[in-house]
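Data first, discussion second: the structure below is written as C-alpha cells.
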Amino acid sequence: MALVRPEDWRPRDIEDLEPDAWRALRQHGSACVVAGPGAGKTEFLAQRAAFLLETGLCPAPFRILAISFKSDAADNLAARVRKRCSPELSHRFTSLTFDAFTKSLVDRFLTAIPTDWRPSRPYEIAFPNFRQVTGFLQDALFAAPNPQKAEVAALSAGDFESHYVGAYRLPFVRAPAQSGTELTIQRWWSSQLGTQPRSSITFVSLNRLAELLLRASPHIRRALQLTYPFVFVDEFQDTTYAQYDFLLSAFQGADVAITAVGDDKQRIMTWAGARADAFERFEADFAAVRIPLLFNFRSSPDLVRIQRVVARALDPNAAATVAQAARLVDGDVAQVWNSPTKAREADHLGRWLANDMVARGRAPRDYAILVKQKSDDFEADLAEPFARAGLRLRNESHALGRTTLQDLLTDTFSKLAVALLRLGSTRRAAAAWQLPSAALLEIRAIAEGDDNGEARTEDELTIFVAALRADMANTPPSVASAQAFADRIYAFLNLAAVARTYNEYSTGDLLAIMADAFRLHLAASANGAQTWSVALDVFEGVGQIPLMTVHKSKGLEYDTIVFVGLDDQAWWAHRPGNPEGLATFFVALSRAKQRAIFAFCRERGQRQRVAELFQLLTDAGVREIAI
Ligand SMILES: Nc1ncnc2c1ncn2[C@@H]1O[C@H](COP(=O)(O)OP(=O)(O)OP(=O)(O)O)[C@@H](O)[C@H]1O
C-alpha cells in the first residue's frame, strides 16, 4: 500500500483542522490537547491515527493504542478510524477502555503478578455497593488497633476505593502496614484476593494489578512499549489515580508518544477518583507540550457565548473559543422556564417539543432531556404528558438489573442479539447480515481461510434466521414470547462460546448481566407492541426522546437540550463555587448545538443553593419566562 508523504497528508471527511490541531497532529513527542466542548477532540484522535498509519510514521507491525473511559467511546473511535483507513491499516489501531486494557494484561500475564497480590484464575469481577463498603469499613474499624482507630474512622465509603485503594502503590512484597489507612487498604485487598472459591476483584484493583505487573516485569513492559509507540488517551480529565499510575509505570521514560486529550472544565468524575491535577502531572512526568484548541464545531455562536460565561466561572483564564457552526433557529437560543407545578411543566414541555419537531422538521432524537440524577423520578413525571403530546420518552439511565439501558445498547452481545432479531423480523438487505455473520465466525472459532468452516457457519446462520423468521411472523410480541425468543438466540449463539470469544466477558459476570438486562428490556419493549419491528424500534429507542443524567450525556450532542430540575432538591449536594457542580452544569449546557432550556419548577424545590447557576445564565443574558 502506497504511503502518503506527511506534508501531503490531508484529513478525511472533514474540511480542515484548526491550525493548532495540525500542530498537535504532527507532534513527535507527548502532548496534551486541551480543548473545550465541541472542539472535535475525538475527531482529532481519529485523524491523527489516520495520519500516523497512512504516512507510515507508525509502520507495520507497530500499533496505536487508544484508551477511552467508556466502551461506546472506544467503539466510536475505532469505527471512525475503520471508516477512514484501509483494513490493513486500521487493524493496527487498538481502541479499548482503560478497564478492558488493564484487565486484558492481568488475564494474559497473571502469573507475572507478585504472589502476595496474585488473584485466583479465574477470578470474579466485584462491584461492591455503598452499603457493602460501609460494612467493610465498620469491620475494619472494629479490628483496628486502638492507636489507629481514629484514622480508620475517618475513612468514608464514598471515596475509600477510588481515592485510597486507587492511589496505593502495591509493594512487590507485602510489608506490615505503617498507618491505619494502609492497614485498611491491605485488609481490602485481602478480602478481595481471598474470597472463596475465587478472588473477587474490582476494576480499580485490576488497574492497580496491571500497574504492579508492569513494574514487576520489565520485559512485559518493554514488549508493551515496543508494540505501541503511539498511545492516545481520550477524556484525560477523568483519569483516576490508579489509571495515571498505570500510564506512568507503562510508558514513562520510554520512546512512546502519548497524546492525551480532554477538557478540565468537564471534570465531573472526581467523586469516582479522577485526579484534579492530571494534565499538570502529565506535562511534568512525560515532558508533554500543552496544545489548546479553540474552535467549537458543535454549538452556534450565541450558545458558545453563553458557554463562555460558565467556562470563565470555572476558570477565569479560560480562553475564548470560536464558534464554527451556524445558528439555525430564530428567537432565543437559551431560556429559563419557571413553572408552578410539575404537571404544568411536563404538559408545556411535551406540547412545545411536539410543535417544535413539526415546525423545524426535527426528529425525537435531536432532543434530549437532561437531569442531575434520579432519572426514574423524572420519567414518572414526564412520560404520561409526553404520551398525550404523541411523544415517547426513553429513560437511557433506567436501571436494568445491574446495568443501565444506555450501557445495554452499546454492549457487544446485545448489539449482536438485536441484529439477529432484526433479521428475524423483516427481510433485510444484505448489509444487515454483516454483523451476525462476522460475529458467528468468531464465536464458532472458524479460522481465517477455512472455507469449509465459513460455508458451514453461513448455512447455520441462514437456517436459523429462516426458522426464526417463520416463528416471529406467527407469534405476536408479548412478554412471554419475547423471553422465549431471547432464550432461543442465547442457545443459538451459545453464551459460553460468546464469553470465550470477547475479552470483556472472559471473566466475571458481565455477560450474564447483559443477557439478563437484554431479556428484561426485550420483554418490556414487546409488551403492547403491534409487530416485532415496532418492538425492536422501542428496544433501540427509534423515534423516542432520550432522557438521561448529565453524566450519561458526556460526549454526546443534540440540537436542543432541556435540563429539567434546576433546583436545590436535585442539586442537594451543591455548594456555591463547587467546581464539580459547575462543571456538571457546563457539560449539560455544552451538549446543545442550537438551543438550551433550563426548567425550574417551584413544586420541586427552591433555588438558593443553585442561585449562582441562575445568576450565570442571567449574566449571559438568558431570559426567564413564566410558563
Ligand atoms: N475538524 C472538524 N471539522 C468539522 N466538524 C468537526 C471537526 N471536528 C469535529 N467536528 C464535529 O464537531 C462535533 C463535536 O466533535 P466531538 O464530539 O469530537 O467534540 P469533543 O471535543 O469530543 O466534544 P465534548 O468534549 O463536548 O464531548 C461533532 O459533530 C464532530 O463531527
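Just so you know, ligand 1 is whichever comes first in the structure, and atom 1 is the first atom listed for that ligand. Fair warning: this is a prediction, and the values are worked out from it, not measured in the lab.
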Next item on the list: Kindly indicate whether a cation-pi arrangement holds for Arg275 with Tyr244, taking the cut-offs as under 6.0 Å to the six-membered ring centre and within 45° of the axis.
Entry: yes

Next item on the list: Can you label the angle between the Tyr241 ring and the His163 ring as parallel, tilted or perpendicular, going by 30° and 60°?
Entry: tilted

Check: So, Arg281 and Asp245, do they make that salt bridge, N to O below 4.0 Å?
Finding: no

Next item on the list: Note the single closest protein heavy atom to atom 1 (N) of ligand 1, along with its residue, its atom name and the distance in Å.
Entry: Asp16 O, 3.0 Å

Item checked: Phe600 six-ring centre to Arg607 NZ/CZ under 6.0 Å and within 45° of normal -> yes

Check: What do we get for Lys554 next to ligand 1 when only non-hydrogen atoms under 4.0 Å count, side chain, backbone, both or neither?
Finding: neither

Next item on the list: Give the numbers and elements of all ligand 1 atoms closer than 4.0 Å to a heavy atom of Ala39.
Entry: 19 (O), 21 (O)

Next item on the list: Do me a favour and list the nearest non-hydrogen protein atom to atom 10 (N) of ligand 1 with residue, atom name and distance?
Entry: Phe297 CB, 3.8 Å

Note to self: Tell me whether atom 8 (N) of ligand 1 lies less than 4.0 Å from at least one protein heavy-atom position.
What the structure shows: yes

Margin query: I'd like to check which ligand 1 atoms, numbered from 1 as shown, lie under 4.0 Å from a non-hydrogen atom of Arg591.
Written below: 24 (P), 26 (O), 27 (O)

Next item on the list: Run down the list Arg80, Gln237, Glu557 and name the one with the heavy atom closest to atom 28 (C) of ligand 1.
Entry: Glu557

Next item on the list: Evaluate the ring planes of Trp9 and Phe51, with Trp represented by its six-membered ring, and classify them as parallel (under 30°), tilted (30 to 60°) or perpendicular (over 60°).
Entry: perpendicular

Notebook entry, point to check: Which ligand 1 atoms are under 4.0 Å away from a heavy-atom of Glu43?
Noted result: 8 (N), 9 (C), 18 (O)

Check: Where on Asp263 is there a heavy atom closer than 4.0 Å to ligand 1, on the side chain, on the backbone, on both, or on neither?
Finding: neither

Notebook entry, point to check: Is ligand 1 under 4.0 Å from a heavy atom in the side chain of Glu15, in the backbone, in both, or in neither?
Noted result: neither

Next item on the list: Using distance alone, determine whether Pro37 and ligand 1 share an N or O pair under 3.5 Å.
Entry: no

Check: Among protein heavy atoms, which sits nearest to atom 23 (O) of ligand 1, and what does the distance come to when rounded to 0.1 Å?
Finding: Gly38 N, 3.0 Å

Next item on the list: Flag Leu17 as yes when one of its N or O atoms lies below 3.5 Å from any N or O atom of ligand 1, and as no otherwise.
Entry: no

Notebook entry, point to check: Hey, is Thr42 touching ligand 1 through its side chain, its backbone, both or neither, going by heavy atoms under 4.0 Å?
Noted result: both

Check: Counting heavy atoms only, which part of Glu18 comes closer than 4.0 Å to ligand 1: side chain, backbone, both or neither?
Finding: neither

Check: Do the rings of Phe282 and Phe286 sit parallel, tilted or perpendicular, given the 30° and 60° boundaries?
Finding: tilted

Check: Just distances here: any N/O of Gly40 and N/O of ligand 1 closer than 3.5 Å?
Finding: yes

Margin query: Salt bridge check, Lys83 against Asp13: does any charged N sit closer than 4.0 Å to a carboxylate O?
Written below: yes

Checklist line | Any N/O pair Ser590/ligand 1 closer than 3.5 Å | finding: no

Checklist line | Under 3.5 Å: N/O of Arg298 near N/O of ligand 1 | finding: yes

Check: Who's the nearest protein heavy-atom neighbour of atom 20 (P) of ligand 1, and how far?
Finding: Lys41 N, 3.5 Å

